[in-house]
Amino acid sequence: MKTSTDISSDKSEARWREYVFALAACGFTALAATPLREHLDLANTVMLFLLTVALVAVRLGRNPAILAAFFSVALFDFFFVPPRFSFAVNDAQYLVTFAVMLAVALIISHLTAGLRQRALEAKERERRSRSLYGLAKALAGAVSQEQVREVTRIFLRDTLRGETSLLLPDALEELTAIGEDLSTISLPLLYTARSAFNSGQTIVSAHVEDGDLRSLYLPLQGSTRMRGVLVVSVPLDLAHALQDQRPLLQAVASLVATAVERLHFVEVAQDSQLQIASERLRSSILSALSHDVRTPLTALYGLADTLVLSKPPLPEGLLDTASAIRDQALRLNGMVGNLLDMARLQAGKITLRKEWQPLEEVIGASIKLLGAGLQAHPVKVNLPSDLPLLEFDAVLMERVFCNLLENAAKYSPGSAEITISAEARAAAVEVTICNPGAGFPPDKLEKIFEMFERGTLESAIPGVGIGLAICRAIVEVHGGQIQAFNPAAGGACVRFSLPCGKPPAIEAESATEAGEMP
Amino acid sequence: MSAVPSLVLVVEDEQQIRRFVRAALEAEGCRVAEAQTMAQGLVDAGTRKPDLIILDLGLPDGDGTHFVQDLRAWSNLPVLVLSARSTEYDKIGVLDAGADDYLTKPFSVGELLARVRALLRRSKAGGEIENSMQHFGEVEVDLARRQVTRRGAPVHLTPLEYRLLCVLLANAGKVLTHRHLLRDVWGPSYVESSHYLRVYVGHLRQKLEDDPAQPRHFLTETGVGYRFQF
């Protein structure tokens, strides 16, 4: 690439050459007209010179044409007007000729040069719109942000000899350079880009440590939001180009914004498609698993139950075996249920069917559902009568109570009583389930809510230690908290909270009795 | 059981489940017909004229809701649905379409037979309450005089509580979805206001159950609805 001094010396050399050409053209005309002097009237010689000035104006522009106008008048006076080879003039009339010739030459050069200028401008405009069109086409085909940056960089290098940086926000809304190492970008540039991004204003600034560069920060305004910043840097002596070419640069910025936005939407569409596909896969695996595991379990449980109930009854030993098979099948079913629930909860996509309802109902349903699973432990339910309605998913909350009750039954001795109590606090209702017994290991009060964690390692009490983890997951998706503690009086307690929210109003009913109904 | 043994149609694709269901029903004195697909089940329901259909919701060839809707177009015969626990919300669809009851897999022979007996008894009685005096626990309901007594003392019920009690009594042994109860007691514009139903069932339990937190008659079918049991 050429340095800026090269470029300016190139330019002045070209200009100098234009003037030489202009002078040479006039000299050539004079030479050509000399042999014809005998046959040509002087007026016609003037015409030849005017033609020359016009041609110079067309080819070389205004200033060489003005030089040619004066030089033509001088040559005409010196070589053609008697006395020849002298600037002296015999006839004063020739002064009029000179004046008119000069005036006409200047007017011609002015008009012609103006035309030429406009033609050049039109050509330049055409070239620019052609190149913008090329840029638009290239951007439309770009499939990555790197490609967008590369296409823009090449375009601006060719049109402005500028350097280009494309800064786009990442997931954390931090501007990141596309296609170049962020560490090569100076901090002031990054800060200025940030402020252009935030304000949406185009900023012109010079920063010094990169040599003498002047940069233009063009915010990329998308249809819905700011998409990033395009930074164009040019050497200081070309800085005027940033100003002159502002409309072009704005057009480039809006093309780049469109391209970046298009890429963003393509990405969003692909992401959501991928997510839908993986979600569908996961839920179909889960439901297939749950169906495929439950079907043989149902058969196993039912067949064992049939054996237990068969008439005439099985001999004692076989009867015990059959009922053991039945009970184990039921336990296995419970574990499978818990594992599938946990898989669903961990997938994080569980849909809560929250409804306003009294806590009492789901507690009663859980106790009834557990039935034999409570192993003859009576459950005492202690709820204040003014407990507000709570909003929760009844099916999931039933899982919480079932798991907690089952756990309590598992770890309490003999036929000790399990208690459930609740208390309304300011913003939440706290539910506590306690059972007598050894209590939780004091150092594991937190850990027992983790997956596959049990109070006592290698204990004889069955279970895979997933129940409490499920309870925590369910309570947390309801916006509550769960904790375990050992009360001073002995035993173990689990307490969880459910936020109160604003229960819907129940229209009061007229207090007439059923017997008095109309 | 009556002199003519009842015919039960079991629509289930899993052979081992059919096997123990058949064994249990035959031990109970029923005749059993089997169908392995929903399509075959619908045909058999028409040709064999069973007294009860046991329908598995997990059949590969169809949607239980459509089966029940098709069946209900021409028949009132009771339908007991078998389903897995993970599909609570499929059950509601089938029950709303007109199925009478459901059992969650895995289920015991005892549970199955209890449901079958209740449904057969209901269909024999034609779904009508023949006796205007109903008893459960220590409660006595005189439908003719609209009076409810508990341990001999009158119980005051509001009109809506009484209407809810009547709907539950009339469908004793059957699962009623929240939607169904709200529509019958409060009217069609209340079908989404399930908190009304829950609060009123709570009232009935407070007034009529010995231990409202562990009810014996007004049972909750979590996520689905309620069942009244004598």
Side-chain angles (χ1 to χ4, degrees), chain A residues 286-287 290-291 294-306 308-311 326 329-330 333 337 340-341 344 353 355-358 360-369 379-383 385 389 393-395 397-398 420 503-504 506-507 509-517, chain B residues 13-21 23-24 27 56 58 82 84-89 104-110 112 145-148 154-163 165-166 178 193-196 198-202 205-206 211-216 218-224:
Chain A
L286 279 179
S287 63
S290 107
H291 177 259
R294 282 223 175 80
T295 304
L297 268 177
T298 305
L300 184 61
Y301 180 67
L303 290 168
D305 201 30
T306 310
V308 173
L309 298 173
S310 59
K311 288 170 197 161
R326 185 188 61 184
L330 198 60
N333 177 66
L340 288 172
D341 276 354
R344 282 203 190 88
R353 311 239 175 187
E355 282 175 4
W356 290 96
Q357 48 201 309
E360 189 179 55
E361 188 168 293
V362 70
I363 295 176
S366 310
I367 295 171
K368 177 152 191 306
L369 190 70
V379 181
K380 193 170 164 227
V381 184
N382 231 334
L383 301 179
S385 57
L389 293 187
D393 183 318
V395 175
M397 205 44 69
E398 190 181 73
I420 301 181
I506 302 263
E507 284 168 39
E509 187 190 358
S510 56
T512 48
E513 285 175 33
E516 298 160 16
M517 274 199 321
Chain B
D13 61 338
E14 181 64 30
Q15 194 205 339
Q16 296 305 326
I17 296 180
R18 281 204 309 273
R19 191 170 134 184
F20 87 79
V21 170
D56 180 17
L82 307 179
R85 188 180 68 75
S86 57
T87 53
E88 264 86 11
Y89 304 104
T104 302
K105 288 181 185 176
F107 50 87
S108 69
V109 170
L112 172 71
R145 294 165 55 202
R146 293 171 178 271
Q147 272 182 357
V148 183
V155 179
H156 300 297
L157 295 184
T158 67
L160 280 175
E161 286 167 5
Y162 183 73
R163 203 186 309 171
L165 176 64
C166 289
H178 295 135
S193 315
S194 67
H195 55 283
Y196 274 86
R198 293 190 157 112
V199 167
Y200 275 81
V201 171
R205 284 178 180 149
Q206 292 289 343
D211 181 356
Q214 298 184 48
R216 290 174 48 221
F218 298 91
L219 304 181
T220 308
E221 295 291 337
T222 305
V224 176

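In what follows, chains are A, B, ... by sequence order, proteins preceding strands, each numbered from 1.
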Any heavy-atom pair between the side chains of A:E355 and B:H195 that's under 4.5 Å? no

Answer whether the closest heavy-atom distance between the side chains of B:Q16 and A:P296 falls below 4.5 Å. no

Among A:L340, A:V362, A:I363, A:V379, which has the most heavy-atom pairs under 4.5 Å with chain B?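 Option with the greatest count: A:V379.
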
Just to verify, which of B:T220, B:V199, B:T222 counts as forming a side-chain contact (heavy atoms from CB on, under 4.5 Å) with A:E361? B:T220

Using 0.5 Å steps for rounding, measure from the [atom1] atom of [X] to the [atom2] atom of [Y].
| X | Y | atom1 | atom2 | answer |
| --- | --- | --- | --- | --- |
| B:D211 | A:E360 | CG | CD | 8.0 Å |
| A:Q357 | B:R198 | CD | CZ | 3.5 Å |
| B:E221 | A:K368 | CD | NZ | 6.5 Å |

What are the two closest non-hydrogen atoms of [X] and [Y], and how far apart are they?
| X | Y | value |
| --- | --- | --- |
| B:S108 | A:Y301 | N-CE2, 3.4 Å |
| A:L330 | B:P106 | CD1-CG, 4.3 Å |
| A:G364 | B:P215 | CA-CD, 4.4 Å |
| A:T306 | B:A23 | CG2-CB, 4.0 Å |
| B:V109 | A:G302 | CG2-O, 3.9 Å |

Does the side chain of B:E14 come under 3.5 Å of the side chain of A:T295 through a donor N or O and an acceptor N or O?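 Side-chain D/A pair, B:E14 to A:T295: absent.
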
Between B:R205, B:Q15, B:R18, which residue shows the highest count of heavy-atom pairs closer than 4.5 Å to chain A?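 Heavy-atom pairs under 4.5 Å are most numerous for B:R205.
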
Per-residue tally against chain A (heavy atom, under 4.5 Å) across B:P212, B:G202, B:A27, B:G223 peaks at B:P212

Heavy-atom contact with chain B under 4.5 Å, split by part of A:I367: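 Side chain only.
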
Report which part of A:L303 has an atom under 4.5 Å of a heavy atom belonging to chain B: side chain, backbone, both, or neither. both

Where does [X] contact chain A at under 4.5 Å (heavy atoms): side chain, backbone, both or neither?
| X | result |
| --- | --- |
| B:L165 | neither |
| B:Q206 | side chain |
| B:P154 | neither |

Sequence-distant partners of B:F107, ring pair (Phe, Tyr, Trp, His ring centres under 6.0 Å), two or more places apart: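 Expected list: B:F20.
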
